[in-house]
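Only one structure is covered here, and it is reproduced in the block below.
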Amino acid sequence: MRDVSTSRAGRSGGPRLAVVLRRVVLGALLVALLVGGGTAFRVWQVARADERRPVDMVVVLGAAQYHGKPSDVLEARLKQALELYREGMTDHIVTVGGRQTGDKYTEAQAGKKWLVEEGVPADRITDVDVGSDTLGSVRAVAALAGQHGWSSALIVSDPWHSLRARTMANDFGLDTWASPTRSGPIVQTREIQFQYIFRETGALLYYRLTHAPAELTGDGLG
């Protein structure tokens, strides 16, 4: 004769397991939504702030250049850095960024050239000609800061990129704030803004998990 209690336990075990698995999946989705939503809010929040203050250096993160002429994205960043310099927020500007294959100029050199043409003395600008992504650029800037005894920086990039760049610089031991651009093609429409907030949210979460860059090359958001 079959054990009725054992049979009932077997029949009820399956539904119970399904309930547990469903709760685990729903819980994981809820955590992912909370983490992702919270990160997106911080990206948006930092993008809206301008934390300008006196610092040892203003760091202009690189973006595309064409034969020594900054792209619209890079020029917007350079204009922001120039404004900070003229307001007395720093005595030194650091331009950052390497070159693509076949380029005569690096992004850093193109940035320095533009700033000199706008009246900034060449000896107040250091071009760091390395970095194909944000992490590589920030690592090089931190090494430069160590050589000069600099400890504080204002990061100049696009609004949505500011939190990730600032986070990386802080991780390298710099006291860092963000002064993002308010012009340029990346801030023109709500559709573009939403696209980059979504993109930067994923890139920041990836960095926090791996401490590696998200390879988003071509627009200075790597």
Quick one: list whatever passes side chain to side chain donor-acceptor pair (under 3.5 Å) with [X], sequence neighbours left out.
| X | result |
| --- | --- |
| S179 | D50, Q80 |
| T167 | none |
| E83 | R52 |

With a 4.5 Å cut-off on side-chain heavy atoms, are [Y] and [X] touching?
| X | Y | value |
| --- | --- | --- |
| D158 | Y196 | no |
| E107 | V96 | no |
| V94 | L144 | yes |
| L115 | K112 | no |
| S137 | V128 | no |
| R99 | K104 | no |
| E117 | K113 | yes |

Residues in side chain to side chain contact (heavy atoms under 4.5 Å, CB included) contact with [X], at least two apart in sequence or another chain:
| X | result |
| --- | --- |
| Q195 | R199 |
| H211 | D171, Y207 |
| S162 | V46, A178, P180 |
| Q45 | F41, R42 |

Separation between [atom1] of [X] and [atom2] of [Y], rounded to the nearest 0.5 Å:
| X | Y | atom1 | atom2 | value |
| --- | --- | --- | --- | --- |
| H161 | L163 | NE2 | CG | 10.0 Å |
| I93 | L82 | CD1 | CG | 6.5 Å |
| T176 | I155 | OG1 | CD1 | 5.5 Å |
| T181 | L78 | OG1 | CG | 10.5 Å |
| W114 | K79 | CH2 | NZ | 6.5 Å |
| T90 | R53 | OG1 | CZ | 13.5 Å |

So, applying side chain to side chain contact (heavy atoms under 4.5 Å, CB included) with R164, which one of L135, T134, V43 is it?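 The side chain to side chain contact (heavy atoms under 4.5 Å, CB included) with R164 is passed solely by T134 among L135, T134, V43.
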Give a yes or no answer on whether the side chain of E87 reaches the backbone of L84 with a donor-acceptor pair at less than 3.5 Å.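 Checked: no pair found.
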Give a yes or no answer on whether the side chain of D129 reaches the backbone of A108 with a donor-acceptor pair at less than 3.5 Å.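 Judged by distance alone, no pair lies under 3.5 Å.
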All pairs passing ring pair (Phe, Tyr, Trp, His ring centres under 6.0 Å) where residues 71-101 contributes a residue, at least two apart: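 Listed by first then second residue: H92-W150.
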Transitive ILVMFWY side-chain link L205 to F198, under 4.5 Å: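 No; tracing contacts between hydrophobic side chains, which count when under 4.5 Å, never links both residues.
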In terms of hydrophobic clusters joined by side-chain contacts under 4.5 Å, are L74 and I125 together?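 Yes; I125 is reachable from L74 via cluster members.
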N/O donor-acceptor pairs under 3.5 Å from side chains in residues 54-67, not counting sequence neighbours:
{"residue": "D56", "atom": "OD2", "partner": "S151", "partner atom": "N", "Å": "2.7"}
{"residue": "D56", "atom": "OD2", "partner": "S152", "partner atom": "N", "Å": "3.2"}
{"residue": "D56", "atom": "OD2", "partner": "S152", "partner atom": "OG", "Å": "3.3"}
{"residue": "Q65", "atom": "OE1", "partner": "H67", "partner atom": "N", "Å": "3.3"}
{"residue": "Q65", "atom": "OE1", "partner": "G68", "partner atom": "N", "Å": "2.7"}
{"residue": "Q65", "atom": "NE2", "partner": "D103", "partner atom": "OD2", "Å": "3.4"}
{"residue": "Q65", "atom": "NE2", "partner": "Y105", "partner atom": "O", "Å": "2.8"}

For residues E200 and W160, report the shortest heavy-atom separation together with the two atoms involved.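 Of all heavy-atom pairs spanning E200 and W160, the closest is CG-O, 3.0 Å.
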Set of salt bridge (Lys or Arg N to Asp or Glu O under 4.0 Å) partners for E51, sequence neighbours left out: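 E51: salt bridge (Lys or Arg N to Asp or Glu O under 4.0 Å) contacts with R166.
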